[in-house]
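Heads up, the thing below is written out as structure tokens.
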Amino acid sequence: MHSSTMHKCAAETIGTFWLTFAGCGSAVIAAGFPDVGIGLLGVSLAFGLTVLTMAYAIGHISGCHLNPAVTVGLWAGGRFPANCIGPYVASQVVGAVIAAATLFAIAVGSPMFDLAKGFAANGYGAHSPGQYSLISGFVAEVVLTMMFLFIIMGSTHGKAPVGFAPIAIGLGLTLIHLVGIPITNTSVNPARSTGPALFVGGWALAQLWMFWIAPLIGGALGGILYRWLSEEPSAQVTGIAPATPAE
């Protein structure tokens, strides 16, 4: 693996670790804390802040995807090379799994911890926070991920205001969680869904397929839609380009 690709993949692993650890951690540790818990609004803000902070920290290194659906969506939108999809997605899943393991190691230290409460896993039907059906969850995940990619594509376009993309993307993810938590506990990110599901097992693993397929479809649709709307090409979202060889 080329050193620049290795650095990008390492950045994606670290960034997805932070998204999963801090985002899911806010739900597992802080949301239900007696009397002073942060609730759904706090969890939504936490997920948005993970992306905002990492976009500034590693956006210049890897483009800060942190999400297989974002990587696939950017490719569908003509903003990411196909040959980098595999390494990016693998790195994101590794980061999410390490984050879930770290969060589990911390959470089990409390006598109030109960893995049966879900460990921030995503679900539908009986495992949806609001008991929403498979169809409702699928439609929500497709639409929310599609709009997330639309925001990402637009805010990172060459003609968008410079330096503000992380804010738009972070607030976009916050809004997505405000809508989606009652429906599916909000995925829009197959890697984020995979980490907790591996520890919950059972129903979470059985339902994990939906939290891969729906976000990937939504991400691709969002990328294609923005590419159609704004035909003028813009730079790929891949971090710093390799140095130009001397002539």
Side-chain angles (χ1 to χ4, degrees), residues 15-55 57 64 66-67 69-70 92 95-110 112-132 136-137 140-141 143-145 147-148 151-152 166-200 203-204 207-208 210-211 214-215 218:
T16 312
F17 170 90
W18 182 235
L19 182 149
T20 307
F21 176 76
C24 294
S26 70
V28 172
I29 296 173
F33 201 80
D35 301 323
V36 294
I38 62 174
L40 299 186
L41 175 59
V43 174
S44 299
L45 284 170
F47 271 100
L49 287 171
T50 63
V51 172
L52 189 155
T53 52
M54 274 296 135
C64 191
L66 317 185
N67 182 340
V70 170
Q92 293 154 2
V97 172
I98 295 173
T102 305
L103 179 58
F104 182 81
I106 295 170
V108 294
S110 169
M112 295 185 291
F113 175 68
D114 183 1
L115 189 61
K117 292 181 179 179
F119 196 54
N122 301 112
Y124 54 81
H127 302 290
S128 156
Q131 308 292 295
Y132 284 85
S136 295
E141 289 289 329
V143 171
L144 291 173
T145 313
M147 294 311 300
F148 190 39
I151 293 167
I152 292 170
I167 298 173
I169 296 167
L171 289 177
L173 190 61
T174 297
L175 178 57
I176 285 167
H177 278 78
L178 287 172
V179 175
I181 289 177
I183 305 171
T184 60
N185 224 14
T186 310
S187 171
V188 302
N189 184 336
R192 167 261 184 273
S193 297
T194 300
L198 291 176
F199 286 83
V200 175
W203 66 265
Q207 295 189 355
L208 183 60
M210 199 269 270
F211 300 104

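In what follows, residues are counted from 1 in the order of the sequence shown.
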**Message:** Checking Val200 against Leu115 for the side chain to side chain contact (heavy atoms under 4.5 Å, CB included) test, could you report, in this order, the C-alpha distance in whole Å, the side-chain angles of both residues, the deciding distance, and whether it holds?
**Reply:** CA-CA 7 Å; Val200 175; Leu115 189 61; 4.3 Å; yes
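- Contact record, Ala69 with Val188: CB-O, 4.2 Å, taken as the closest heavy-atom pair.
- Of the inter-residue distances, the one linking Tyr132 atom OH with Thr184 atom OG1 reads 10.5 Å to the nearest 0.5 angstrom.
- Between the side chain of Gln207 and the backbone N or O of Ala204, no donor-acceptor pair lies under 3.5 Å.
- Judged purely by atom type and a 3.5 angstrom limit, Thr53 uses its side chain to pair as donor or acceptor with the backbone of Thr50.
- A side-chain donor-acceptor contact under 3.5 Å links Glu141 to the backbone of Ser187.
- Counted within 6.0 Å of CZ on Phe113, heavy atoms from surrounding residues, nucleotides or ligands total more than 12; the atom is thus considered enclosed.
- Rounded to the nearest 0.5 Å, atoms CE (Met54) and CG (Leu66) are 8.0 Å apart.
- Scanning all heavy atoms of the two residues, the minimum distance from Gly180 to Leu144 falls at CA-CD1, 4.0 Å.
- A pairwise comparison of heavy atoms in Pro215 and Pro190 identifies CB-CD, 4.0 Å as the closest pair.
- Distance CZ/Phe47 to CG/Asn189: 8.5 Å, rounded to 0.5 Å.
- Side-chain atoms of Ser26 come within 3.5 Å of backbone N or O of Gly23 as a donor-acceptor pair.
- In this structure, CG on Leu103 lies 7.0 Å from SG on Cys24, to the nearest 0.5 angstrom.
- The nearest pair of heavy atoms linking Ala101 to Phe199 is CA-CZ, 3.3 Å.
- Atom CG of Leu178 and atom OG1 of Thr186 lie 8.5 Å apart (nearest 0.5 Å).
- Checking each of Leu173, Leu49, Ile38, Thr174 against Ser44 for a side chain to side chain contact (heavy atoms under 4.5 Å, CB included) leaves exactly one that passes, namely Thr174.
- Between Asn122 and Arg192 there is a side-chain heavy-atom pair separated by less than 4.5 Å.
- Contact between Pro166 and Ala55 at its shortest, heavy atoms only, is CB-CB, 3.5 Å.
- You'll find the side chain of Ile183 stays beyond 4.5 Å of the side chain of Tyr124, heavy atoms only.
- The structure places CG of Asn185 at 8.0 Å from NE2 of His177, a figure rounded to the nearest 0.5 Å.
- Aromatic ring orientation, Phe119 versus Phe104: perpendicular (interplanar angle above 60°, classes split at 30° and 60°).
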**Message:** Please evaluate residues Phe21 and Ile106 with respect to the criterion side chain to side chain contact (heavy atoms under 4.5 Å, CB included), reporting the C-alpha separation (whole Å), side-chain torsions for both, the decisive distance (0.1 Å), and the verdict.
**Reply:** CA-CA 11 Å; Phe21 176 76; Ile106 295 170; 3.7 Å; yes
